Q: 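Shown below is the structure under consideration.
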Amino acid sequence: MTEPTGHVHGTDVQVSHDLLGAIGGVPRPSGDVVVEATDVNKWFGKLHVLQDVSLQVKRQEVVVILGPSGSGKTTFIRCVNHLEKIQQGRIFVNGRLIGYREVNGKLVEDKEANIAVQRQEIGMVFQRFNLFPHKTALENIIEAPTQVRGMGKAEALEMGQALLARVGLANKAAAYPSQLSGGQQQRVAIARALAMKPALMLFDEPTSALDPEMIGEVLEVMKELAREGMTMIVVTHEMGFAREVGDRVVMMDEGRIVEEATPETFFSHPTHERTKSFLAKIL
């Protein structure tokens, strides 16, 4: 792997191999398949929001999920992190069943303590940044490593500073969220997720709440993660990102996966009518 470098809005980001190892830059999943979702079904009351969804994501793969509002994209990735419960099917991350134990062929929800341990392997970046408003950028980043992983304060501070540099915000360690732009807050949120050294990163429309001029700085950080080999599932409306960075593009509609292909095939030769009509409206 070449030494990753990036350029984010005038700030050079350069991370050495040693530092990447220290802050978890390259994921260490336990096998080639990081996510294995099989026949996942989810209801909100009578509304069947996920219908027999199956998806496999391999190590260092970037899978981009597209689809109209209400198609189930966000619900699916929230299920991968067990922020939403499924009623049928199975989701494995790094070979482990997420959120449940299997007893006599039936799913039984796992203990919260076990689920919390599983979530440590999964970083998630939301539409809204969800930063602690009373904590600085650096304090937001080190909160989980110190409180959940028991990392020492000095080590956490060093890692936090390195992560801020990595997302182009080395000079914003002492800034509070209210002092940061939306794009800067989202980059802090990405650094916070990376602080737990996840094997998988989930992005739920991470640029949808940003002003147009701030979108590029967040996408650049995500592209850098992809180049470094981070396994990612990205729900987005950014077609350029899907074309350039995705290894596979998945189209969801009405709770189902209707098409799945490489970016080149997906955008140039879609086969499903729903994909064709979706792309015709947004391209």
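These numbers were taken from a predicted model, which means no experiment stands behind them.
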Q: Do D32 and K58 meet the salt-bridge criterion of a basic N to acidic O distance under 4.0 Å?
A: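 No, K58 and D32 are not salt-bridged.
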Q: Answer yes or no: is there a donor N or O on one side and an acceptor on the other, between the side chain of N41 and the main chain of D52, under 3.5 Å?
A: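 Judged by distance alone, yes, a pair lies under 3.5 Å.
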Q: Carefully, step by step, assess R166 and L194 under the rule side chain to side chain contact (heavy atoms under 4.5 Å, CB included).
A: CA-CA 10 Å; R166 183 181 182 187; L194 292 173; 3.6 Å; yes
Q: Hey, what do you get for CD1 (I122) to CG (L202), rounding to the nearest 0.5 Å?
A: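 Rounded to the nearest 0.5 Å, the CD1-CG separation comes out at 6.0 Å.
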Q: Could you tell me how the ring of W43 sits relative to the ring of H48: parallel (under 30°), tilted (30 to 60°) or perpendicular (over 60°)?
A: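 Rings of W43 and H48: parallel, under 30°.
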Q: What verdict does the side chain to side chain contact (heavy atoms under 4.5 Å, CB included) test give for L219 and E238, after you've listed the backbone C-alpha separation in whole Å, the side-chain angles of each residue and the deciding distance to 0.1 Å?
A: CA-CA 9 Å; L219 292 178; E238 299 294 335; 4.1 Å; yes
Q: On a heavy-atom basis, which atom in G89 and which in L107 lie closest, and how many Å separate them?
A: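 What the structure gives for the nearest pair is O-CD1, 3.3 Å.
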Q: Within the supplied structure, the quantity of interest is the number of heavy atoms (other residues, nucleotides, ligands) at a distance under 6.0 Å from E254 CD; does it exceed 12?
A: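 Incorrect, the count does not exceed 12.
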Q: Keeping the roles fixed (side chain from T265, backbone from A261), state whether a donor-acceptor pair exists under 3.5 Å.
A: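 No: the side chain of T265 does not pair with the backbone of A261.
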Q: In Å and rounded to the nearest 0.5 Å, what is the CD1 to CE distance from I190 to M230?
A: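 Atom-to-atom, I190:CD1 and M230:CE are 10.5 Å apart.
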Q: Can you tell if the side chain of Q179 reaches within under 4.5 Å of the side chain of K172, non-hydrogen atoms only?
A: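 SC-SC contact between Q179 and K172 ruled out.
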Q: Among V53, V235, I257, find the residue that satisfies the side chain to side chain contact (heavy atoms under 4.5 Å, CB included) test when tested with F76.
A: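 Per the side chain to side chain contact (heavy atoms under 4.5 Å, CB included) rule, the option paired with F76 is V53, out of V53, V235, I257.
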Q: Do the side chains of R90 and E102 get close enough for a salt bridge, i.e. N-O under 4.0 angstrom?
A: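 Looking at E102 together with R90, the answer is yes, because their closest N to O distance falls below 4.0 Å.
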Q: Taking atom CD as the centre, does E264 end up with more than 12 heavy-atom neighbours from other residues, nucleotides or ligands that are less than 6.0 angstrom away?
A: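 Result for CD/E264: open.
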Q: Where is the tightest heavy-atom contact between L66 and F267, given as atom of each residue plus distance?
A: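 Taking every non-hydrogen atom into account, CD1-CZ, 4.1 Å.
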Q: So, the side chain of K106 versus the backbone of R101: is there a donor-acceptor pair under 3.5 Å, distance only?
A: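 It does not hold such a pair.
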Q: Between L200 and M196, is there shared hydrophobic-cluster membership here, with clusters defined by ILVMFWY side-chain heavy atoms closer than 4.5 Å?
A: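 They do not share one cluster, since no chain of ILVMFWY contacts under 4.5 Å joins L200 to M196.
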Q: Under the 3.5 angstrom rule, does the side chain of Q127 hit a backbone N or O of E205 as a donor-acceptor pair?
A: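 A pair under 3.5 Å: no.
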Q: With the side chain counted from C-beta on, respond yes when E224 and R227 share a heavy-atom pair under 4.5 Å apart, and no when they do not.
A: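 Heavy-atom side-chain distance check passes, below 4.5 Å.
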Q: Using only heavy-atom distances, determine whether the side chains of Q60 and T231 contain a donor-acceptor pair under 3.5 Å.
A: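 Side-chain D/A pair, Q60 to T231: absent.
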Q: Are there over 12 heavy-atom neighbours, none belonging to K85, within less than 6.0 Å of that residue's NZ?
A: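 No, the 6.0 Å shell around NZ holds no more than 12 heavy atoms from other groups.
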Q: For the residue pair T236 and V64, what are the closest heavy atoms and their distance?
A: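 Shortest heavy-atom separation between T236 and V64 comes out as CG2-CG1, 3.6 Å.
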Q: With heavy-atom distances below 4.5 Å as the criterion, would you say the side chains of V188 and V167 are in contact?
A: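 Not in contact.
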Q: Are more than 12 heavy atoms, taken from residues, nucleotides or ligands other than R149, located less than 6.0 Å from that residue's CZ atom?
A: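 Above 12, so yes.
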Q: Distance from D204 atom CG to T74 atom OG1, nearest 0.5 Å?
A: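 Here the rounded value is 3.5 Å.
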Q: To the nearest 0.5 Å, tell me how far L83 CG sits from F126 CZ.
A: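 Atom-to-atom, L83:CG and F126:CZ are 5.5 Å apart.
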Q: Does L164 belong to the same Ile/Leu/Val/Met/Phe/Trp/Tyr cluster as Y176, with side-chain heavy atoms less than 4.5 Å apart forming each link?
A: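 Each belongs to a different hydrophobic cluster.
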Q: Of all the heavy-atom pairs spanning C79 and L50, show the shortest one and how long it is.
A: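 Scanning both residues completely, I find the closest heavy atoms to be SG-CD1, 4.0 Å.
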Q: Roughly how far, to the nearest 0.5 Å, is the OG1 atom of T38 from the CD atom of E36?
A: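 Separation between the atoms: 4.5 Å.
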Q: Using modelled atom types and a 3.5 Å cut-off, is there a donor and acceptor pairing between side-chain atoms of K42 and backbone atoms of Q87?
A: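 Side chain of K42 to backbone of Q87, a donor-acceptor pair under 3.5 Å: no, none is there.
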Q: Taking I282 as the starting point, is it possible to reach V245 by hopping between hydrophobic residues whose side chains are less than 4.5 Å apart?
A: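 Yes; tracing contacts between hydrophobic side chains, which count when under 4.5 Å, links both residues.
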Q: Using modelled atom types and a 3.5 Å cut-off, is there a donor and acceptor pairing between side-chain atoms of Q185 and backbone atoms of L131?
A: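 Judged by distance alone, no pair lies under 3.5 Å.
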Q: Which atom pair, heavy atoms only, marks the closest approach of G168 to R187?
A: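 For G168 and R187, the tightest heavy-atom pair comes out as O-NH1, 3.6 Å.
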Q: How about E259 and M252: do any of their side-chain heavy atoms sit closer than 4.5 Å?
A: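 SC-SC contact between E259 and M252 ruled out.
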Q: I98 and V80: side chain to side chain contact (heavy atoms under 4.5 Å, CB included), yes or no, with the steps?
A: CA-CA 7 Å; I98 288 293; V80 173; 6.0 Å; no
Q: Do S71 and D253 meet the criterion of a side-chain donor-acceptor pair at a distance under 3.5 Å?
A: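 D253 and S71 do not have a side-chain donor-acceptor pair below 3.5 Å.
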Q: If we only count heavy atoms from C-beta on, is the L210 to T207 side-chain gap below 4.5 Å?
A: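 Result yes, sub-4.5 Å side-chain heavy-atom pair found.
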Q: Give the C-alpha distance, both sets of side-chain angles, the deciding distance and a yes or no for side chain to side chain contact (heavy atoms under 4.5 Å, CB included) between V250 and V63.
A: CA-CA 7 Å; V250 171; V63 174; 3.8 Å; yes
Q: If you define the side chain from C-beta out and look only at heavy atoms, does anything of K73 sit under 4.5 Å from I77?
A: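 No, too far: nothing below the 4.5 Å cut-off.
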Q: Pick from M251, R243, E260, R248: which one makes a side chain to side chain contact (heavy atoms under 4.5 Å, CB included) with F266?
A: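 So the option named by the test is M251.
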Q: Checking E217 side chain against Q184 main chain: does a donor-acceptor pair fall under 3.5 Å?
A: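 Yes: the side chain of E217 pairs with the backbone of Q184.
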Q: Does the D110 side chain pair with the main chain of G99, one donor and one acceptor, at a distance under 3.5 Å?
A: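 Answer holds: no.
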Q: Kindly state whether the ring of Y100 and the ring of H82 have centres lying under 6.0 angstrom apart.
A: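 Yes - the distance between ring centres of Y100 and H82 falls below the 6.0 Å cut-off.
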Q: Under the 3.5 angstrom rule, does the side chain of Q186 hit a backbone N or O of P206 as a donor-acceptor pair?
A: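 Yes; at least one donor-acceptor contact below 3.5 Å.
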Q: Going from CE on M232 to CG on D247, what distance comes out if it is rounded to the nearest 0.5 angstrom?
A: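 Answer rounded to 0.5 Å: 10.0 Å.
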Q: Verify, without hydrogens or angle tests, whether S277 (side chain) and R274 (backbone) share a donor-acceptor contact under 3.5 angstrom.
A: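 Here the side-chain-to-backbone pair exists.
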Q: Does V57 reach the side chain of I233, with side-chain heavy atoms less than 4.5 Å apart?
A: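 Heavy-atom side-chain distance check passes, below 4.5 Å.
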Q: Taking only Lys NZ, Arg NE, NH1 and NH2, and the carboxylate oxygens of Asp or Glu, determine whether E139 and R192 approach each other closer than 4.0 Å.
A: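 Salt bridge: no.
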Q: Heavy atoms, side chains only, cut-off 4.5 Å: are I115 and E109 in contact?
A: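 Yes, side chains in contact.
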Q: Specify the closest pair of heavy atoms between N94 and A199, including all atoms of both residues, with the distance to one decimal.
A: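 The answer is ND2-CB, 3.6 Å.
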